[in-house]
Amino acid sequence: MATPLSPSSPSTLKKIAVVGLGTMGTGITEVLVRAGREVTGIDISEAQAAKCVAALEASTARAVERGRLTEQERADALARVRTTTELSAAADADLVIEVAPESYEIKHQIFRELDGIVRPETILATGTNALSVTRLAADSARPERVLGLHFFNPAPAMKLVEVVSSVLTAPQAVAQVTDLALELGKEPVAVGDRPGFVADGLLFGYLNQAAAMYEAKYASREDIDAAMRLGCGLPMGPLALLDLIGIDTARTVLDAMYAESRDRLHAPAPILKQLSEAGLTGRKAGRGFYTYEAPGSGTVVRDALTPLEGGGLTPGRPVRSVGVAGSGTMASGIVEVFAKAGYDVVLAARSEEKAQAAKARIGKSLARSVDKGRMTAEAAAQTLDRITPAGSYDAFADVDLAVEAVAEDLEVKRQLFATLDKVCKPGAVLATTTSSLPVVACARATSRPQDVIGMHFFNPAPAMKLVEVVRTVLTADDVHATVREVCTKIRKHAVDCGDRAGFIVNALLFPYLNNAIKMVQEHYASLDDIDAAMKLGGGYPMGPFELLDVVGLDVSLAIEKVLHREFRDPGLAPAPLLEHLVAAGCLGRKTGRGFREYARR
């Protein structure tokens, strides 16, 4: 189980050998020398060792230019590193950090040779994120001195370090390495030995699901990546991240995870094997899911799969006025978005009072925008004037687009669509904001299923840029084109997806959240360590448990159940701990207690 870590004493690990001078080994070397450690860099390739030195010279020169190092500090740091092709140079090291390729045979050979080279008290650390630390330790002459030290790429920038102990590791070795990590300015998290540990254990399952989604032609690579960046605030989309990590590396990690878990979510998507075996391993090869300017470049260039500008869509229907059904937070946010974009909007609720209250809430939101300097008082007043509250859906008689944003209950939505079918004029587009229910079921409640489409906004709608545009098998081409055009006018990024549970974002997000809950349930790691690992190691804006408590555990459970019911994958079954908390009324921030407790307002 993961435990909070704090420094105990100044680290005694002064001389360090780094074995393997690829990108990660070079990054770790830079971190060490800038922190005052003597480093011996070892690689079987002289060319790779020279490349490491050149990279260190370039990165420290950039640090001087940016005022982060003085010229003297740079010179001192570079003087503290020497490179060699001989493993025997690790003889006087206090710590050896191995970051060779993810092959058990290669790592085992290195550790076996090191046994005959290093001092008895030297700590041997593997940088693996997929292979068994316990197995490497058991094969060593001194298993109590073997542990895992998993840095994240790029090592100089990423704060997280996972300190991995096996059942054989001496606590003193863990303490020494932990103290070193803290002195390097890192945030160490202590974890047990299982493939992927915390961060990659959660991250790679999500990446695998994204690859499978793309392989199934459910959505384009650009739309999958945009959906996760804009819908979840991630720094990179999953397919771009796979290209950065290396598709071959991802496949190795997933193979190791699947061998242990037998969870189908970890079984590598066939496309990962196909790309790897074709040598299309991502940025390093110049081509993976995307095509790059050159091997090693991060600049994406057009290829046969790049969508054409404008997309050659069928012309859409004209939309001048919009109706929004509902009076809750989502409905109010959507009304605000349309009104700000210049549309006349009818806000219809079950009563005139609810509609008026929703309009008043929008007025307060616009006033906050004025106070923050985001819009003028005049523009706010004009926006509010475009909104007409109504206590009956009969007010939708003349709208060109009707957007439903009522309770996430299929029967409620079906009844509403039957009503819209009666009151809306022929040719009006009917859209549902559902996040988890079948759009086609709403469409079948009408006599015009070809006019029905999903427009899944994200909360809060005024701030979130993403809209998932969900076509059913019955949706007309010009209806799809209409909604795409409207998304452009309201300044939202539209992504296309088919009518299946979770669409893009929830289908990728909630299995990841469910797996995080399973880690806690299995006592592998604590809430705090998992949240820290995903923020520091994965660049997530919120940890999974922070997010679950914000979304609501009841909402999360409902989405998990829908995904499990649709895909029938045992790995998608909601974690029992989530079900227990919901049954106990612990629903997150809204009830004052979820995975954590919150102060009552």
Under 3.5 Å, which donor-acceptor pairs do the side chains of residues 487-494 form with other protein atoms, sequence neighbours left out?
{"from": "Thr488", "atom 1": "OG1", "to": "Arg484", "atom 2": "O", "distance (Å)": "3.3"}
{"from": "Lys492", "atom 1": "NZ", "to": "Ala461", "atom 2": "O", "distance (Å)": "2.6"}
{"from": "Lys492", "atom 1": "NZ", "to": "Met464", "atom 2": "O", "distance (Å)": "2.7"}

Is the closest side-chain donor-acceptor distance between Thr291 and Asp303 under 3.5 Å? yes
Consider only side-chain N and O atoms of Ser261 and His266, and report whether a donor and an acceptor are under 3.5 Å apart. yes
I'd like to know if the side chain of Asp225 and the backbone of Ala240 have a donor-acceptor N/O pair within less than 3.5 Å. yes
Between the side chains of Thr475 and Thr472, does any donor sit under 3.5 Å from an acceptor? yes
Please check if the side chain of Arg589 supplies one atom and the backbone of Tyr598 the other of a donor-acceptor pair under 3.5 Å. no
Looking only at side chains, do Tyr292 and Asp243 share a donor and an acceptor under 3.5 Å apart? yes
Have Thr252 and Asp255 got a donor and an acceptor in their side chains that come within less than 3.5 Å? no
Donor + acceptor pair across side chains of Arg361, Ser332 (<3.5 Å): yes
Going by salt bridge (Lys or Arg N to Asp or Glu O under 4.0 Å), name the residues that satisfy it together with Glu546, two or more places apart in sequence or in a different chain. Lys535
Any side-chain donor-acceptor pair under 3.5 Å between Asp496 and His480? yes
When the aromatic ring centroids of Phe204 and Tyr512 are compared, is their separation below 6.0 Å? no
Closer than 3.5 angstrom, by distance alone: can the side chain of Thr482 be matched with the main-chain N or O of Arg317 as a donor-acceptor pair? yes
Does a side chain donor of either Ser447 or Asp421 reach within less than 3.5 Å of an acceptor in the other side chain? yes
So, Ser436 and Glu408: side-chain donor and acceptor under 3.5 Å apart, yes or no? yes
